[in-house]
Amino acid sequence: MPDTALHDWNLAPKEAIALQKRLAGRVERADRLDPVRHLAGVDIGFEEDGAITRAAVVVLAWPPVASGEFEPATFEIVEQVVHREPTRMPYVPGLLSFREVPAALGAFEKLTTRPQLAMVDGQGIAHPRRIGVASHLGLWLDLPTIGVAKTRLCGRHEEPGPARGDWTPLVDGPDDETIGAVLRSRAKVKPIFVSPGHRVSLATAVDWVIRCLGRTKLPEPTRLADRLASRRDPRC
DNA sequence: GCGACAG
DNA sequence: ATCTTGTCGC
């Protein structure tokens with residue numbers, strides 16, 4: 001487990017970056033997943049004009065209730081939790097983990113189910129120091145994670161093909177290191193940025209995201225967590 | 001010095 | 001992220 005208590009931090013940007021550099025080396029990018037029976041979607045929203053951070057985790061049963069290799073997938077929601085706490089850090093590009101991970105951990109503590117895989121709204125290793133919020137959370141929980149972001153943080157890429165499932169590699173650095181995939185999750189819509197979080201390879205990450213695609217741009221886990229975090233949930 | 005910049 | 005009206009498409 002990591003060497004610094006994220007719950008206690010009171011880090012200046014400079015210290016946060018130093019911590020990220022130390023933690024980055026521990027992020028595993030190779031597949032090391034147990035058989036998946038439950039997968040989670042994680043996202044953070046805000047209330048009170050940003051004063052309150054609202055973390056949401058939705059657990060879905062695998063396999064889907066309905067799906068074909070390329071048909072919209074439908075899942076059974078096994079559990080969903082919301083955790084609210086005071087916001088203690090502003091948004092700083094590259095340091096999103098320090099703003100969102102503490103609240104996400106609070107939400108995971110309330111979970112009854114222990115998922116074998118989680119999709120997080122944000123980048124995985126597609127980050128300047130290769131440790132975006134998805135990697136950070138996965139490392140902390142020792143849980144396989146996948147980063148699913150709506151826009152790019154860093155890296156270069158070609159425009160992916162027009163069909164659902166088409167993707168191009170996202171590369172970065174002087175040696176064109178592959179850090180993620182720019183995936184066309186839905187025709188005629190801007191692509192999403194998928195990257196390994198922790199204990200998952202890029203190929204596996206893309207596979208899972210495609211298999212969880214419903215009718216919208218975002219895969220079901222992230223879409224449902226998004227809805228809950230933003231208080232867009234039909235029920236609550 | 002000038003852009004770029006997850007949520 | 002969040003604030004918001006109207007509008008386009010299945």
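Everything numeric in this text was worked out from a predicted model, so none of it was measured. Lettering follows sequence order; numbering is per chain, from 1. All values below come from the heavy atoms of this structure, side chains included, with hydrogens, waters and symmetry mates left out.
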One should report the stems of DNA chain C, each a stretch of at least three consecutive Watson-Crick or G-U pairs at distances under 3.5 Å, as none
Would the distance check show the side chain of [X] and the main-chain N or O of [Y] forming a donor-acceptor pair, the cut-off being under 3.5 Å?
| X | Y | result |
| --- | --- | --- |
| A/Glu220 | A/Cys212 | no |
| A/Glu79 | A/Thr112 | yes |
| A/Thr74 | A/Val65 | no |
| A/Arg54 | A/Ala229 | yes |

Its dot-bracket string being built from Watson-Crick and G-U pairs below 3.5 Å, with | for another strand and [ ] for crossing, DNA chain B has the pattern .......
*asked:* When you measure from the side-chain N and O atoms of A/Lys150 to the phosphate of B/dA6, is any distance below 4.0 Å, counting only OP1 and OP2?
replied: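 Checking B/dA6 against A/Lys150, no side-chain N or O comes under 4.0 Å of OP1 or OP2.
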query: Is the shortest side-chain N to carboxylate O distance from A/Arg227 to A/Asp43 below 4.0 Å?
result: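 No salt bridge links A/Arg227 with A/Asp43.
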Where do N or O atoms of nucleotides 3-5 of chain B meet protein N or O atoms at under 3.5 Å, pair by pair?
| residue | atom | partner | partner atom | Å |
| --- | --- | --- | --- | --- |
| B/dA4 | O3' | A/Arg152 | NH2 | 3.4 |
| B/dC5 | OP1 | A/Arg152 | NH2 | 2.4 |

Contacted region of DNA chain C by chain A, from 5' end to 3' end of the hits, cut-off under 4.0 Å to heavy atoms, spans C/dA1 to C/dT2
What do you reckon, is [atom1] of [X] surrounded by more than 12 foreign heavy atoms closer than 6.0 Å?
| X | atom1 | answer |
| --- | --- | --- |
| A/Arg37 | CZ | no |
| A/Lys190 | NZ | no |
| A/Glu158 | CD | no |

Residues 33-61 of chain A vs ring-ring contact (aromatic ring centres under 6.0 Å, His included), sequence neighbours excluded, gives none
Residues pairing under ring-ring contact (aromatic ring centres under 6.0 Å, His included) where one sits in residues 142-192 of chain A, two or more places apart or in two chains, turn out to be A/His157-A/Phe193
Expressed as a whole number of angstroms, how long is the span from [X]:[atom1] to [N]:[atom2]?
| X | N | atom1 | atom2 | value |
| --- | --- | --- | --- | --- |
| A/Gln123 | B/dA6 | CD | C1' | 5 Å |
| A/Phe193 | B/dA6 | CZ | C1' | 10 Å |
| A/Phe98 | B/dA6 | CZ | P | 17 Å |
| A/His136 | B/dA6 | NE2 | P | 18 Å |

For residues 145-155 of chain A, the side-chain hydrogen bond (donor to acceptor under 3.5 Å, both in side chains) pairs (sequence neighbours left out) are A/Asp121-A/Lys150
Per the under-4.0 Å heavy-atom filter, residues of residues 42-49 of chain A near DNA chain C come out as A/Gly45, A/Phe46
- request: Group every Ile, Leu, Val, Met, Phe, Trp and Tyr by side-chain heavy-atom contacts under 4.5 Å, then state whether A/Met119 and A/Val82 land in the same group.
  value: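 They do share one cluster, since a chain of ILVMFWY contacts under 4.5 Å joins A/Met119 to A/Val82.
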Q: Could you tell me whether A/Val133 contacts a base, only the sugar-phosphate backbone, or nothing, with contacts defined as non-hydrogen atoms closer than 4.0 Å?
A: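 It contacts base atoms.
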Assign A/Leu95 to base, sugar-phosphate, or nothing according to its heavy-atom contacts below 4.0 angstrom with the strands shown.
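Base contact - A/Leu95 has a heavy atom under 4.0 Å of at least one base atom.
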Does [X] have any salt bridge (charged side-chain N to carboxylate O under 4.0 Å, His left out) partners at least two apart in sequence or in another chain, and if so, which?
| X | result |
| --- | --- |
| A/Arg129 | none |
| A/Glu15 | none |
| A/Glu100 | none |

Identify, with sequence neighbours excluded, every residue that meets side chain to side chain contact (heavy atoms under 4.5 Å, CB included) alongside A/Pro160.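 Counting only residues at least two positions away or on another chain, A/Pro160 forms a side chain to side chain contact (heavy atoms under 4.5 Å, CB included) with A/Thr168, A/Val182, A/Arg184, A/Pro191.
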Nearest-nucleotide check on DNA chain C, A/Asp226 vs A/Arg186; residue mapping nearer the 5' end is A/Asp226
